[in-house]
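Step one of this worksheet: look at the structure below.
In what follows, every chain begins at residue 1, and chains take the letters A, B, ... in the order their sequences are listed. Computed from heavy atoms alone, side chains included, the values below leave out hydrogens, waters and symmetry copies.
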Amino acid sequence: MEENTDQTKWAPKTFFFEAVSGILIFITIALAAIFLSYSVSYLEAIKFDPVIIYGLKAAEYAIFGCDLFLFAVFLFATTKKTYRGL
Amino acid sequence: METTLFSEFKSTFITSAHNYFSPLAKIWSFVCTSSRLETAARLQLDALNKIENKVLNLESQNRDLLGLVRSLQINQKSISLLHADFERINHEAHRIDTRISGNPMKMHSRNIRVKANLAKVRGHHVGSATNSPLQGKGAVRWKKSTKHERDQTS
């Protein structure tokens with residue numbers, strides 16, 4: 001019974017830690033996409049080769065989309081785990 | 001207390017990072033497994049096609065062999081019929097031989113006598129090269145025609 005209460009007490013804390021960790025990882029990966037976006041803007045301003053710009057844009061969208069997908073899956077799994085712990 | 005919290009956060013962060021990227025690993029392993037399964041399925045399909053071709057060949061060979069067996073049976077039947085005919089004819093010949101008192105030389109001499117009598121009736125010598133109607137006794141002679149006869153004919 002006491003162990004169950006401990007689990008219930010620790011579940012929100014674990015969720016908080018995991019959420020913060022997930023957000024940090026999400027931001028870390030999103031930073032790469034943001035850097036790519038800035039690079040694309042800069043390259044467009046200096047009228048760089050459009051093929052490279054399109055490639056960079058595709059990579060930026062792929063990284064950001066993958067990051068979003070992973071973050072959503074991670075949040076869903078963490079929420080499920082916390083709900084079971086409560 | 002802060003150290004404990006930090007260490008706890010650190011361990012949770014490592015676990016979370018692992019959990020964060022685990023879907024990618026799962027997707028990757030799924031893709032790899034799918035490709036491996038596809039390759040294995042393709043190989044099995046090729047093997048099945050080969051086996052199917054072999055089975056079809058064996059079926060056609062079996063059909064040919066059945067046809068051969070049927071024709072052999074028909075041949076065997078006809079051979080047995082021929083054998084029965086041969087036995088019957090042989091038996092008949094043996095019966096005829098025994099009826100003619102069983103002396104072949106006597107039959108031969110009797111045949112020679114019959115031929116000789118026939119030749120006498122026709123007027124030829126027996127057993128010589130003068131059996132032709134153009135030679136020997138009673139031969140038809142060719143006579144050269146005269147000029148008068150040739151003129152009359154033309």
Side-chain angles (χ1 to χ4, degrees), chain A residues 1-37 39 55-86, chain B residues 1-70:
Chain A
M1 183 69 184
E2 196 180 335
E3 196 180 332
N4 198 12
T5 316
D6 274 354
Q7 270 188 355
T8 311
K9 196 176 80 178
W10 279 102
K13 194 179 161 188
T14 311
F15 176 74
F16 174 73
F17 281 163
E18 285 187 351
V20 170
S21 305
I23 288 165
L24 280 176
I25 295 165
F26 174 74
I27 287 169
T28 308
I29 298 167
L31 276 175
I34 290 163
F35 172 73
L36 271 176
S37 182
S39 305
L56 286 172
K57 269 188 183 175
E60 174 197 331
Y61 291 143
I63 288 169
F64 191 65
C66 194
D67 193 24
L68 265 179
F69 169 73
L70 289 175
F71 187 60
V73 171
F74 175 76
L75 270 185
F76 177 73
T78 311
T79 311
K80 211 166 109 180
K81 203 166 76 179
T82 311
Y83 180 74
R84 277 182 190 164
L86 284 173
Chain B
M1 179 73 180
E2 283 179 6
T3 317
T4 315
L5 268 177
F6 181 72
S7 63
E8 196 180 334
F9 177 74
K10 201 175 153 186
S11 65
T12 312
F13 183 82
I14 291 164
T15 314
S16 300
H18 182 261
N19 290 338
Y20 194 90
F21 292 109
S22 65
L24 272 183
K26 279 180 189 171
I27 289 168
W28 181 247
S29 71
F30 176 75
V31 169
C32 288
T33 312
S34 301
S35 69
R36 250 183 286 140
L37 283 172
E38 193 185 350
T39 311
R42 202 172 290 144
L43 286 173
Q44 283 186 348
L45 199 67
D46 289 345
L48 278 174
N49 281 330
K50 281 179 187 172
I51 289 168
E52 193 182 354
N53 287 331
K54 280 183 183 173
V55 167
L56 286 173
N57 282 334
L58 283 172
E59 276 182 356
S60 64
Q61 284 177 2
N62 193 23
R63 249 180 272 130
D64 294 345
L65 282 172
L66 279 173
L68 280 173
V69 167
R70 267 192 218 111

Contact listing (chain B partner; residues 57-66 of chain A; heavy atom under 4.5 Å): A:Cys66

Between A:Phe69 and chain B, which part of the residue has a heavy atom less than 4.5 Å away: side chain, backbone, both or neither? side chain

Count the heavy atoms of every other residue, nucleotide or ligand shown that sit under 6.0 Å from CZ of B:Phe21, and state whether that count exceeds 12. yes

Looking at CG of A:Asp67 and OH of B:Tyr20, how far apart are the two atoms once the value is rounded to the nearest 0.5 Å? 4.0 Å

Could you give the distance from CG (B:Asn19) to CD1 (A:Ile25), rounded to the nearest 0.5 Å? 9.0 Å

Say you draw a straight line from NZ of A:Lys13 to CG of B:Leu5; how long is it, rounded to the nearest 0.5 Å? 5.0 Å

Test item: A:Ser21 and B:Phe9 side chains (from C-beta on) under 4.5 Å apart, heavy atoms: yes

Non-hydrogen atoms of chain A under 4.5 Å away: do they reach the side chain of B:Leu24, the backbone, both or neither? both

Give, as side chain, backbone, both or neither, the part of A:Phe74 having an atom under 4.5 angstrom from any heavy atom of chain B. side chain

Under 4.5 Å from a heavy atom of chain B, the part of A:Leu24 involved: side chain

